[in-house]
Amino acid sequence: MKDGQLEEWCIADPQTPEDELQNAIKWACEQGGADCSKIQANQPCFWPNTTIDHASCVFNDYYQKFKHKGGSCYFRAAAMVTALDPSHGSCKFEYVP
């Protein structure tokens with residue numbers, strides 16, 4: 001918690017079917033303005049190489065970039081907000097106050 005504000009990250013909802021996650025990743029990367037370079041091979045968030053892990057990374061990048069401009073952590077109900085930092089290993093999930 002910084003300045004009395006709860007930190008929030010946007011992650012993929014584990015209940016979401018894989019094809020819906022893939023469609024949401026595609027939208028976020030191609031039209032949404034998310035930085036999807038971190039989930040490419042040999043990049044810090046490539047492993048674990050699963051759709052849900054890649055979706056969480058992309059969703060959070062989008063959410064942190066655009067939450068103050070009206071962007072949400074929704075992705076057609078494929079995502080959810082968490083107060084637990086989802087960073088792991090070399091993959092750091094950004095938080096923007």
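For the ring pair (Phe, Tyr, Trp, His ring centres under 6.0 Å) criterion with F59, the lone passing option out of F93, Y74, F75 is F75.
E94 approaches Q64 most closely through the heavy-atom pair O-CG, 3.2 Å. For F66 against G32, the heavy-atom pair with the smallest separation is CE1-O, 3.2 Å. T51 and I25 get closest at one heavy-atom pair: O-CD1, 3.9 Å. Contact between A77 and T16 at its shortest, heavy atoms only, is O-OG1, 3.8 Å. Considering all non-hydrogen atoms of both residues, K67 and E8 come closest at NZ-O, 4.4 Å. Annotation for K92 and K38: closest pair O-NZ, 3.4 Å, computed over non-hydrogen atoms.
In this structure, M80 and P14 have side chains that are in contact, with non-hydrogen atoms separated by less than 4.5 Å. Y63 is listed as a side-chain neighbour of V81, based on a closest heavy-atom distance under 4.5 Å. At a threshold of 4.5 Å between non-hydrogen side-chain atoms, the residues H54 and N49 count as touching. Inter-residue side-chain proximity for K65 and D35 is flagged as met; some heavy-atom pair is nearer than 4.5 Å.
In this structure, W9 and Y95 have tilted ring planes: the angle between them lies in the 30° to 60° band.
Applying the 6.0 Å contact sphere to NZ of K26 captures no more than 12 heavy atoms from other residues, nucleotides or ligands.
Remark: side-chain polar atoms of N60 are paired, donor with acceptor, to backbone N or O of C10 under 3.5 angstrom. Proximity of a side-chain donor or acceptor of D53 to a complementary backbone N or O of C45 within less than 3.5 Å is not detected. No donor-acceptor pair closer than 3.5 Å links the side chain of Q22 to the backbone N or O of A55.
When the side chain to side chain donor-acceptor pair (under 3.5 Å) test is applied to N23, no partner is found at least two apart in sequence or on another chain.
Linking Ile, Leu, Val, Met, Phe, Trp and Tyr residues whenever their side-chain heavy atoms come within less than 4.5 Å leaves I52 and F46 in two separate clusters.
Remark: C91 SG to C57 SG, distance not under 2.5 Å.
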